[in-house]
Amino acid sequence: MQTVPTIKSRPVYSPVEIDQAVQQHLFIAEEGAFPTLSDLYQDCEGEKSCWIVGQESADKLPKGCHFIDAQSFEEAFGELFAKLPISSNLYIAGIREAFVWDIHKLAIQAGLAPEQIKKLQPLSNERRLFCTHCYTLTEGVTYTPFECPGCKRLLLVRDHFSRLHSAYVGVQINAEDPNDIPPKEELS
Amino acid sequence: MSDAAIKVKVSDIREVAPTIREFTFTPLKGEFFPFSPGSHIVVEMLDGTKKIRNAYSLLSDPRDPSSYRIAVRLQPESRGGSIFMHQQVKLGDELSVTPPSNLFSPDWRAKKHLFLAGGVGITPFMSYIPEMLRRNADFELHYLYRSTQTGAYADELQSMLGEKLFTYDSATSPRADVGTIISGCPQGTHIYICGPESLIESVLAQAEQTGWPKSHIHYEAFAAPKPGKPFVVELKKSGKTVYVSGDDSMLEALEANDVEIPNMCRGGVCGQCITPVAEGEIEHRDEFLSKQEKDSNCCVMPCVSRAKSGRITLDI
């Protein structure tokens, strides 16, 4: 269960259902995350297709499922989303939260409404971190404080989430005294 | 009316359809504010001792500060605002209006804009169109009217918009099929509706059935408050008692008794005039409060809503 975040920008993932009135359904999963979508995919009686970003994995995948690599999905999805009928829904499952929101952003740019983009809770606690001092983006951050690879500052990983960068914001935790090194904590 | 009120002069009156009259206002001094497409002003009408304030969409070019234009449809069944505008207001008269405010602004992120106008509901789109043309935006106007009553600006729009305009005159042709109009829209289309409630409801129902994204459907639902049964309002904190006649809105009756309540649209949309209820059941007629808020009877929008029975108490 998700706890209600105290920071408003932290995403909350509501349960996802299939609206059978919708004409076209697009299921998108990061490699290894499809099992989260499989029940929904089964339940969906409408026109549907499935895209996996990455390689084939041990997961049982639907027949006719498309594969695309992480380098080319931005352009491909941009075009795909723009051509969808207006009555369409997306369902996104990711290991990483940043993946889910990168796809969300592409869909918004293509003209979809937020309520058409159904996001499932990401499977890992890995965060993309945005350093507010040197603007470096770091993937896969799981604890706080975290040393920024860009500027070497020790960053407090906040729950403040930037939808622009699909990243959590990091600010220096020991600006007054760089020798003050607080203990590491696992992120939720 | 607040200090921000603008004094205007009626510099032109034109009949633009059998039941619709257009008024041009020019400022008594200086220039008007430019406004954003879809804005409205509230016009104050002094009918004897009675004050009526109705909101009307501006239909002039938003970037033209030399005049404001509005169009008023005669509604003989209403509380008198439109009758006053049609019968009392003469060329050269001075009136008070509020500065423009906007509750129906286009969403510029749309890939395509689809306008659905019903009758006098063409007015907000008259201010959209010049801006849409300047920005080279992709748009279509579907205009539904009955030429024996409405249909203002149809010819002018035809020459301005050409293929972007689709007209449906119910006096000479079958009714427009809303389902067909909205079903062909590409991804990223936003729909804007201004017209009778039945038009808005049929689009919303169609959208629900066909899985359209709701947040891409915008509508201007406000209209002058409808009359109802008279009732009495008691004010718990100030101890005042205010009588609301059948033709007055609760907000108008409160104002007539020097109870000032912040307000903007006066049509149950903007939420400015929200007032806590202490006792008595409310007949909610607004578009602002959620169903839960309405059911809980916690508050009321006095601009349009009324008492269910003869008496209510407000917590002010």
Side-chain angles (χ1 to χ4, degrees), chain A residues 4 11-28 40-41 43-49 51 73-92 101-119 163-164, chain B residues 38 104-116 128 132 135-142 164 166 176-193 199-220 287 290-292:
Chain A
V4 178
V12 176
Y13 300 89
S14 317
V16 173
E17 281 171 28
I18 299 285
D19 179 353
Q20 304 288 7
V22 169
Q23 194 185 332
Q24 205 168 116
H25 307 259
L26 210 61
F27 294 79
I28 298 175
L40 282 171
Y41 188 84
D43 289 348
C44 177
E45 293 160 10
E47 204 181 312
K48 58 185 173 185
S49 59
W51 292 75
F73 80 76
E74 191 170 326
E75 200 186 330
F77 285 161
E79 284 171 23
L80 183 68
F81 296 166
K83 285 186 199 136
L84 287 172
I86 191 148
S87 175
S88 299
N89 275 355
L90 295 190
Y91 307 85
I92 311 169
W101 286 91
D102 283 347
I103 307 274
H104 172 96
K105 196 172 133 187
L106 284 175
I108 293 287
Q109 283 166 355
L112 276 92
E115 71 267 26
Q116 293 179 283
I117 310 166
K118 315 282 187 191
K119 295 173 290 293
R163 277 156 179 72
L164 179 67
Chain B
F104 193 53
S105 182
D107 188 328
W108 293 109
R109 293 168 303 181
K111 306 286 176 196
K112 178 175 182 162
H113 308 266
L114 188 117
F115 310 139
L116 277 170
Y128 274 36
M132 291 277 158
R135 295 189 187 209
N136 212 7
D138 186 3
F139 73 95
E140 271 175 23
L141 169 62
H142 293 258
K164 289 182 164 64
F166 301 82
D177 179 6
V178 168
T180 316
I181 298 173
I182 74 165
S183 66
C185 295
Q187 173 66 270
T189 304
H190 283 240
I191 295 186
Y192 308 79
I193 318 158
L199 177 65
I200 297 169
E201 275 161 18
S202 73
V203 177
L204 291 177
Q206 194 70 33
E208 176 87 31
Q209 277 169 28
T210 55
W212 247 78
K214 279 199 191 67
S215 68
H216 282 190
I217 302 174
H218 316 273
Y219 49 90
E220 178 111 292
E287 297 273 335
S290 68
K291 194 179 176 302
Q292 285 96 322

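Each chain gets a letter, A, B and so on, in the order its sequence line appears, and its residues count up from 1. Note that the structure is a prediction, hence the values are computed from the model and not measured.
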**Prompt:** Of the backbone (N, CA, C, O) and the side chain (C-beta and beyond), which part of K112(B) lies under 4.5 Å from a heavy atom of chain A, both, or neither?
**Reply:** neither
**Asked** Got a donor-acceptor contact below 3.5 angstrom from the E115(A) side chain to the S215(B) backbone?
**Response** yes
**Asked** Out of curiosity, K111(B) NZ to L112(A) CG, how far, rounded to the nearest 0.5 Å?
**Response** 10.0 Å
**Request:** Mark yes when over 12 heavy atoms from residues, nucleotides or ligands other than Q20(A) sit less than 6.0 Å from its CD; otherwise mark no.
**Result:** yes
**Request:** Specify the closest pair of heavy atoms between Q209(B) and A21(A), including all atoms of both residues, with the distance to one decimal.
**Result:** O-CB, 3.5 Å
**Item:** Over 12 non-hydrogen atoms of neighbours within 6.0 angstrom of CZ in R109(B)
**Value:** no
**D19(A) side, atom CG; E208(B) side, atom CD - distance, nearest 0.5 Å** = 7.5 Å
**Request:** Hey, could you give me the CD/CD distance between Q187(B) and Q24(A), rounded to the nearest 0.5 Å?
**Result:** 10.0 Å
**Item:** Q109(A), part contacting chain B, at a heavy-atom distance under 4.5 Å
**Value:** backbone
**Request:** Could you tell me which portion of T210(B) (side chain, backbone, both or neither) has an atom closer than 4.5 angstrom to a non-hydrogen atom of chain A?
**Result:** backbone
**Message:** Just so I understand: if I count every heavy-atom pair under 4.5 Å between each of S87(A), S88(A), A82(A) and chain B, which residue has the most?
**Reply:** S87(A)
**Prompt:** Taking atom CD of Q23(A) and atom CH2 of W212(B), what is their separation to the nearest 0.5 Å?
**Reply:** 12.0 Å
**Item:** Gap separating the CG atom of L114(B) from the CD1 atom of I86(A), nearest 0.5 angstrom
**Value:** 9.5 Å
